[in-house]
Every structure is written in C-alpha cells, then in structure tokens.
Q: 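Here you go, one structure.
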Amino acid sequence: MPELHTEIQFLKGVGPRVAETLATKGIHTLEDLLYYLPFRYEDRINPRTIEQLQPGEMASVIAEVRTSGLFKTKRFPIFEMTAGQGRNRLKCLWFRGGYLEGKFKPGALVALYGKVEYSTFGRGGLQMLQPQFEILHEPPDEENGVAALESEEQKHFESLEIGRIVPIYEAAGKLNARWFRRTIRKALEQMPEEISDAIPAEIRTRVGLIPRTEAFWQVHWPDAGESFADLLSARTPAHQRLIFEELFFLELGLELKRRKARLQPGVAFEIGDRVRDALKQVLPFHPTRSQKQVLKEIAIDMAHSSPMRRLLQGDVGSGKTIVAFEAATVAMQNGYQVAMMAPTEILATQHYLSARRILEPAGYRIVLLTGSLEQDRKRNIRSHVARGHAQMVIGTHALLEDNVEFERLGLVIVDEQHRFGVMQRMKLMRKNSDVQPDVLVMTATPIPRTLALTLYGDLDVSVIDELPPGRTPVSTRVVPGERAEEVWEFVRKIVSAGQQAYVVYPVIEESEKDSELKAAIKMYDQLRKEVFPELKVGLLHGRMSADEKDEIMRKFKAGELKILVATTVIEVGVDVPNASVMVIEHAERFGLSQMHQLRGRIGRGCAKSYCVLMTGGKISEEARQRLDTMVRTSDGFEIAEKDLELRGPGEFFGTKQAGMPKLCVANLIRDRKLLELAKREARQLLDGTTKNVTPEEKRMAVQYLKMHWNRRYGLVEVG
Ligand code: ADP
Ligand code: MG
C-alpha cells in the first residue's frame, strides 16, 4: 500500500516520464498529488439540457458530437463543433481552433462548460464561445466493426464523470483534467484509511478541523449535497482543513526560522547618554509620535545581542529616512559602519545628500557608491570603506559586489525593500564575517501586519502610521486626454504662483522600452517647445547617465526647472517639497501602488497639491476601478488592499522577488482570517503555551514540517 510520502513515480499508472511532468507542478509524492486541488467544480448532477439553456449564463451540458470542422474567416480560422441532444443543437466555436481538428468524432459524448450566448454566425440558436470541454466517451470503433470492449475500470470512471459534482483540474503538459481525475481517484482509493495528522489533536479540535482523510476525499470528490458556492470559494470544511494545515506549517516554519535567527551572535549596541546626545544633535525636526515609537523599537533591537531583523513600514512621505539615519547614528557612535542600499541611483544620491546634510555636521564620514561611478573613483571609495575611513556608505546594487568590503559592518539598511530580493539582503548581511550585522529594511508598501510577517518571514515589523505635520491633502482628479489643454493651463497657473510640476509617462517595460521612452521624450519636446515655451522644462528617464540624472534632479530641486517630464524613475523616494502638481499621462496604464507612490512625490510642502490622472484611449473595468480608488482615497492601506484585491497576491508582491513560497491550497488574501489563526496556533505551540499538547505531539509537528515542507517550500534551515 502506498504511503503518503511514496514517490509519485511508484504509483500505479505513473512512470518516470509522467513523474517528470508532475514535477513541474511541484508534485513529487503521493501527498503532493492529493494537494493538487481542483481549481473548480462542475455540477454534473443535473447537467442542463440544451433546451433549458439561457443566454448569458455559465452552464455545463453533456451532449453528443454531431459535426465539426474548421472554417476560415478573413482574420483567422474558427473551429466549429455542433453538439446535439435529440433535435436540439448547440454550436461551439473556438477561434484559431486548428488544433482541435480530428478531436470530436461524431457520436462521441462530450461535456461542455462555458457561457451561453445567442449565435453570432449562421441561423440563430445558441452557442458557446471557446467552451471548456471534455470527451467523456468515444464513439464505437466502426473500422473494426465491433464496439471496443470496455474494461470494468473504464466504466467505473465514466460513472464518476456524469451525475455528480466533478472536479476540474488544471492540466499539466499532456496530462489533462481527466487524467488527474482518474489518477487522484485511484490514489484516494489506495490511501490508508488512517493517515497520520501532524497537527496536535488539541489544535484540531479547537479550530474544528475535519479528519485529514475525509478532507482529501471531500475536496476532490465532494458529496452531492455540498454547497456549490462553498466549493468554488474554497469554504467547505474540507478546503478549510487543508488551507489551515498549509498555513499552520508555513507559519510554524517561519516562526522557527525567526527564532533561530535570534540565536545567532549579533552586535549589542550600547545606547547611553553619549548616543542619546548624538541622536538629539542630528534630528532636524520634532519626530512624530510614530517615528518616536518605531525608533524605540529599533533601539531595543539594536541594544540586544541578537541581530535585528526589522521591517519598517510607512506610507510614502511618512518620514522613514530620518529614522534610518538615527539607527545609523547609533551604530556609528558605537564604532561600527553602516551600509544603506537604495533601488535607484536617484534615490541613493538623494539619501547621500541628506545624510551629508544631517550627519556630516556631527562628524560622520559618508560616501556614495553607485554602479555608474568611474572605476577609479569606485576603487577609491571601496578602499575608504574597507579601511574604515568611511562610516556610512550609501549606494545601489553596487554595494553587493564582492569587492566591496567593510572594516566593521554593524548595520544594514535597505530602502524600498520591495525592489530587492531576499537574497540581495542576505548578501549584504554577510559582509561581516564575525557577527551578524543588524538589518533594517524599509518599505512603503502598506500591507496588513500578519501578511507582512508571513511575506517577510524572518522580519519583525514596525509601522509608522501617521504623516509629519503640515501636510496638505492632495486633491486628485481624472481628466480625459482630450482636455489636455485645460490641464496645461492649470499647470501654468500653478507654476506662475511659484510652484513646480511633474508630468509622468508610463512604465518602461523591458520589451517596449524604446517606444515608451520615445513617448516621454516626444512629450518633453512638445511641452518644452509648444506648450510651455516660456518655462524651463526638464527630462528625466532611466536610460540617462547618472551624472545627467543628478544634474536634472539638482536643477529641479533648486527650482531652476519648473516642470519635470519623467518616467517612473521618480516613483521612489524623490523629495522636492516645492513641487505641488503631478500630471500622470495614460494613468489607466499604471498600477495602483505605483500611482500611489508617484502621487507621494507631491503634497510634501505647504502649498495645496493636485494630482491629475489623464487618461488616453480605452479604459478597462479594472483600470476604471484603479482610477476611482485614487480619487477616493490617499490612504496607503486602503489602496494596497484594493490593489491586492485587483491583482492577487502573486503579482502584487512579485512572489518570487519577496522570496515567498508558492502556496498550493491557501491564498494569503482570501484566507487572511485562517492565516491569523494559524499563526497564533503555531506560535503558541512553539512557546509551549498550548494546553494539552504532549511534547511528543510537538516534536511530531516539527518533524513533519521538516520532512514535508522544507522540501516543498524551501524554508531553508528550519529548526
Ligand atoms: P518616506 O517615508 O517616504 O521615505 P521621507 O523620509 O522621504 O519619507 O520623508 C518625507 C519628508 O518629510 C522629508 O522631506 C522629510 O524631511 C520630512 N519629514 C520627515 N519627518 C518629519 C517630521 N517629523 N517633521 C517634519 N518633517 C518631516
Ligand atoms: Mg523613502
């Protein structure tokens, strides 16, 4: 009898070839296969008859193939298949459906799922466009003159595919939904009745989890009475059980990792009167209540001998930089060096300039290291850092290069964390071989705390949840491109009142770099020559050299340029309080978080600020929602939530980037409540505060985690 950890290739009907295909879906063992859940279900208990179909509805129909064939239209070939029940017909169309030729043999029984609509071609009636389909039964083989004999097994499976709720799986290579259905069914039938459950009984009872075996059965082959809505939204007891399980072990793994990190030797910075005086000296303004609070949290971490791993979250403009500089001051006062990494040269340069303004008067030596510096200069700076002559080095990815060495690195600061991968952060951390430097990462992506803790696994979280005083809210409007004249008139008015403006062009996509760049450049020429001939207009984009960029930013900051035409290079960090207008062209093409970041560039001074979202061309429903959200709120939290909702967590965080394992059952957004619960339970288990859990049970849970989840999710070195 196969065990759950049996390698998949030893399962009956699965050879090495199939195993290879399954591996691409992360399926290596029988247990992995059982975790391969249907992405939807089809109600074939009472499939609709063609006669019952109503235009506009999603429906599944089981019917017989009558005719099929490819016909050419002017633009592309369309494959048409007509299915029938008695005298009723349903037409199915697939655009560019050449690949379907020969698939539908007359007389075959097919299940179809799709949206029903009025026929667009031919003589009226109903049709389905691009329906999903499955051939349930091939017609008798006429060439041999005898109907192919069916094995008992064959019949057994066919009876599973009609007259019940049927699971639909995502195909993998040549393995279609039907293959999965049969193979998983077989696996379930062979599964031992009692399978071990690594979640301690006490927790199972408290959370209300159904037994594992039952969950596996029900999630793949739900009973006929199961709520269809619950199935589709993963809210059945079976789903909830498996989701909790996944989240529980994920959280357990992260928590173990976090605890292990705390045991490593770090620097215990001394924070005495001398340091406090130094801090007071560098602070250029009264910190907000939030800033004080997070600084306190950071100071406690820094004073502790275990290495700090802290995420500082705060909306754009909330004043994270100064907090970072204060942390830097603590390290430098203790005789350690600080490395601060920013995602763009513009931002690194800006940090460098403010660091010099704020920290240099106190006697600290600060250097800038970016990729575009000349070789000689870089070498020179590197040697300063290596010999300990520079106490703080601010830079871009260039800091990660192997030849950058420190004399005594004590603190690593990573600004705009979401732009970097976990690996990059680690690389910087390893630049001190004696102790683990403290790490402070900062992000303006305001995500719920539990989610942050999960996504950034090993980090503790501090939040700045207020803006410095004196900010005026930005008023935001959506204006169609046809009314550009009015917008420019408005910009002219604001500029003549002494303020400055940004005009932003869409992202430079790798693949369309050139065309996008041209758009910004073309726009720049037009604005400069035709629209604002009397004003100084500058251009900034990612392909300019660092010197050119610096020069433009300097001029804009100094007010020599009144209008800055830019791509999203200004998205992060740029801080020019006198700029109070931002026009975003083709706003429908920007992501929500991105627009929020961009808008964060204005509203930094005392003048009233305006953000104009100009649209051009077609606006999708999703884009409309993004624009509406921008107009409705400037609350980073709300915007992030909406963004998550619209895009899903994978894209929102760039899952791989964030070093986040791909979950197979759970969805961090949809299942947020369960995530909190799982986290709490995992913590309590490790703390030993869960009552009625034996040490043996605890050991088993950790053991299971190591065996199954390390392999699956690569939570390196747990335990
Ligand atoms: P972000 O959190 O987006 O990185 P910054 O650190 O760039 O924000 O701060 C935004 C602006 O607010 C800067 O000009 C900074 O000098 C200013 N600022 C930060 N903290 C305060 C404060 N407590 N009082 C007044 N101004 C502040
Ligand atoms: Mg910042």
Q: Any sub-3.5 Å donor-acceptor pair from Asn667's side-chain atoms to Arg670's backbone N or O?
A: yes

Q: Between Asp628 and Gln625 (side chain of the first, backbone of the second, donor and acceptor by atom type, cut-off under 3.5 Å), is there such a pair?
A: no

Q: Tell me yes or no: between the side chains of Thr236 and Glu226, is some donor less than 3.5 Å from an acceptor?
A: no

Q: Of all the heavy-atom pairs spanning Ala666 and Ile243, show the shortest one and how long it is.
A: CB-CG2, 3.8 Å

Q: Between Ala187 and Leu30, what is the shortest heavy-atom contact and its length?
A: CB-CD1, 3.5 Å

Q: Let me confirm one number: the CZ-OG distance from Arg626 to Ser593, rounded to the nearest 0.5 Å.
A: 10.5 Å

Q: Between atom CD1 of Ile27 and atom CG of Leu175, what is the distance when rounded to the nearest 0.5 Å?
A: 8.5 Å

Q: Say you draw a straight line from CE of Met630 to CG of Leu592; how long is it, rounded to the nearest 0.5 Å?
A: 7.0 Å

Q: Ignoring hydrogens, what is the shortest heavy-atom contact between Val219 and Ala238? Give both atom names and the distance.
A: N-CB, 3.9 Å

Q: What I'd like to find out is whether the side chain of Ile184 reaches to under 4.5 Å of the side chain of Phe216, using heavy atoms alone.
A: no

Q: Which of these passes side-chain hydrogen bond (donor to acceptor under 3.5 Å, both in side chains) with Gln127: Lys115, Glu80, Glu117?
A: Glu117

Q: For Glu246 and Val665, indicate whether the former's side chain and the latter's backbone hold a donor-acceptor pair under 3.5 Å.
A: yes

Q: Donor-acceptor pair, Tyr505 side chain versus Ile521 backbone, under 3.5 Å?
A: no

Q: Rounded to the nearest 0.5 Å, how far does CD of Gln240 lie from CG of Leu247?
A: 10.0 Å

Q: Is the backbone of Asp197 close enough, under 3.5 Å, to the side chain of Arg212 for a donor and an acceptor to pair up by distance?
A: no

Q: Do Phe590 and Val504 make a side-chain contact, defined as non-hydrogen atoms from C-beta onward lying under 4.5 Å apart?
A: yes

Q: When you measure from the side chain of Asp643 to the backbone of Ile639, do you find a donor-acceptor pair of N or O atoms at a distance under 3.5 Å?
A: no

Q: Which residues pass the side chain to side chain contact (heavy atoms under 4.5 Å, CB included) test with Arg477, sequence neighbours left out?
A: Val479

Q: Would you say the side chain of His239 lies within less than 4.5 Å of the side chain of Leu231, judging by non-hydrogen atoms?
A: yes

Q: Report, one line per pair, each donor and acceptor closer than 3.5 Å where one atom sits in a side chain of residues 95-113; sequence neighbours left out.
A:
none

Q: If you round to the nearest 0.5 Å, how far is CZ of Arg624 from CG of Leu627?
A: 6.0 Å

Q: Does any non-hydrogen side-chain atom of Ile195 lie less than 4.5 Å from one of Leu4?
A: yes

Q: Tell me if a side-chain donor or acceptor on Glu588 pairs with a main-chain N or O of Ala623 at a distance below 3.5 Å.
A: no

Q: State, yes or no, whether a side-chain contact exists between Pro222 and Tyr41 at a heavy-atom distance under 4.5 Å.
A: yes

Q: Which atom pair, heavy atoms only, marks the closest approach of Thr633 to Glu638?
A: OG1-OE1, 3.3 Å

Q: Using the side chain to side chain contact (heavy atoms under 4.5 Å, CB included) definition, which of the options Leu129, Leu70, Thr73 pairs with Ile78?
A: Thr73

Q: In terms of the angle between their ring planes, are Trp94 and Phe79 parallel, tilted or perpendicular, with boundaries placed at 30° and 60°?
A: tilted

Q: Report yes if some heavy atom in the side chain of Met523 is under 4.5 Å from a heavy atom in the side chain of Gln526; otherwise report no.
A: yes

Q: Check whether any side-chain heavy atom of Ile199 lies under 4.5 Å from a side-chain heavy atom of Phe249, and answer yes or no.
A: yes

Q: Counting only heavy atoms not in Glu622, do more than 12 fall under 6.0 Å of its CD?
A: yes

Q: Please tell me if the side chains of His541 and Tyr524 come closer than 4.5 Å, counting only heavy atoms from C-beta onward.
A: no

Q: What distance separates Glu20 CD from Arg17 CZ, expressed to the nearest 0.5 Å?
A: 8.0 Å

Q: Whether the side chain of Glu251 engages the backbone of Leu677 through a donor-acceptor N/O pair (distance < 3.5 Å, no angle test) should be reported.
A: no

Q: Which pairs with one or both residues in residues 213-222 pass side chain to side chain donor-acceptor pair (under 3.5 Å), sequence neighbours excluded?
A: Tyr169-His220, Gln218-Asp223

Q: Mark yes when over 12 heavy atoms from residues, nucleotides or ligands other than Arg632 sit less than 6.0 Å from its CZ; otherwise mark no.
A: yes

